[in-house]
Every structure is written in structure tokens, then in C-alpha cells.
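For reference, the structure discussed in these notes is given below.
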Amino acid sequence: MLGKITVGVVLAALAVYGLIEALPLILGPSLVVDSPVSGQTVPLGILTVTGEVKRVTALTLDGAPLLPDEKGAFSSTLAFPAGTSILTFTASDRFGRKITTTRTIYVPN
């Protein structure tokens, strides 16, 4: 009886460990852009983009790398020309899966 219980506990522990290890594969990358909001007007053309990523190995804004900190937060201050700009954020994980979010901003003349 004790042998069956031991085997059951070991199998349960292995199943939980496997689930924990597979969690990044199951969940995929996560990307939240806090600023800017879509349609935002940027009067002087200077904008700080902020947000947070999880389970990500690469993060880009319009193809240029953004570097999140150890907790996944990112922030970058950028200058934009007058007119409308579309910002494309792309995050990818170690399995090659990508998530993309876009924001449109407007800088008046």
C-alpha cells in the first residue's frame, strides 16, 4: 500500500512540474501598452511609450528594439514629426510566437 502511495505522489509531482515547465509554451507572450492610447494627440511631438511584457525574448517598436527591465516594464521617450504616426509594437517569445499591438498618434503642425 505504501509503495502505491509513493508512486502516486511521485507521478503527481512530475505532472505538476511538467505543467509548470510547459506554462510559457501554453500561455505565449503578453504585451500591454499603457501609453500612448490610440488616437492620442501629442502637441510637441515628444512622447514616452510605456507598457509591460511577459514571457518575451524580443520586443520592438516599428522594428527597433525596446528593452524591458527585469520585471518586464518598458519605457522610451521618442520624437515624432508633424502628422499621423502608426506605432507597431511586436513581442515574441522563445518559441517564435508573436503578438502585435498598434497605436495611432497625431502631432499637430
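Here, residue 1 is the first one in the sequence, and each next residue gets the next number. No experiment lies behind these values; they were computed from the predicted model shown.
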Q) How close do Thr41 and Pro108 get, heavy atom to heavy atom, and via which atoms? A) CG2-CD, 3.9 Å
Q.
Would you compute the distance between atom CG of Leu31 and atom CG of Asp93 and round it to the nearest 0.5 angstrom?
A. 12.5 Å
Q) Within the distance-only criterion (no hydrogens, no angle test), does the side chain of Arg103 pair as donor or acceptor with the backbone N or O of Leu87 below 3.5 angstrom? A) no
Q.
Do Val49 and Val33 have side chains that approach each other closer than 4.5 Å (heavy atoms only, starting at C-beta)?
A. no
(Q) As an exercise, state the distance from OG1 of Thr50 to CG of Leu47, rounded to the nearest 0.5 Å. (A) 8.5 Å
Q. What's the shortest heavy-atom distance between Gly51 and Asp34, and which atoms?
A. CA-OD2, 3.7 Å
Q) For the residue pair Leu27 and Arg55, what are the closest heavy atoms and their distance? A) CB-NE, 3.4 Å
**Q.** From Asp62 atom CG to Ile86 atom CD1, the distance as rounded to the nearest 0.5 Å
**A.** 9.5 Å
Q) From Ser30 OG over to Glu52 CD, what is the distance, rounded to the nearest 0.5 angstrom? A) 7.5 Å
Q) Is there a side-chain contact (heavy atoms from CB on, under 4.5 Å) between Thr104 and Tyr106 once you walk through the steps? A) CA-CA 7 Å; Thr104 302; Tyr106 174 72; over 6 Å; no
Q: Taking the side chain as every heavy atom from C-beta outward, state whether Phe74 and Asp69 have any pair of such atoms under 4.5 Å apart.
A: no
Q) CZ/Phe89 to CG/Leu66 distance, rounded to the nearest 0.5 angstrom? A) 7.0 Å
Q: Compare every heavy atom of Ala79 with every heavy atom of Ile46, then report the nearest pair and how far apart it is.
A: CD1-CB, 3.7 Å
Q: Could you tell me which residues satisfy side-chain contact (heavy atoms from CB on, under 4.5 Å) with Ser92, sequence neighbours excluded, listed by chain and number?
A: Thr57, Ala58, Lys98
Q. Within the distance-only criterion (no hydrogens, no angle test), does the side chain of Ser35 pair as donor or acceptor with the backbone N or O of Thr48 below 3.5 angstrom?
A. yes
Q) Is there a donor-acceptor contact under 3.5 Å linking the side chains of Thr102 and Thr88? A) no
Q) Heavy atoms, side chains only, cut-off 4.5 Å: are Pro29 and Lys54 in contact? A) no
**Q.** From CG (Leu67) to OG (Ser75), nearest 0.5 Å
**A.** 12.0 Å
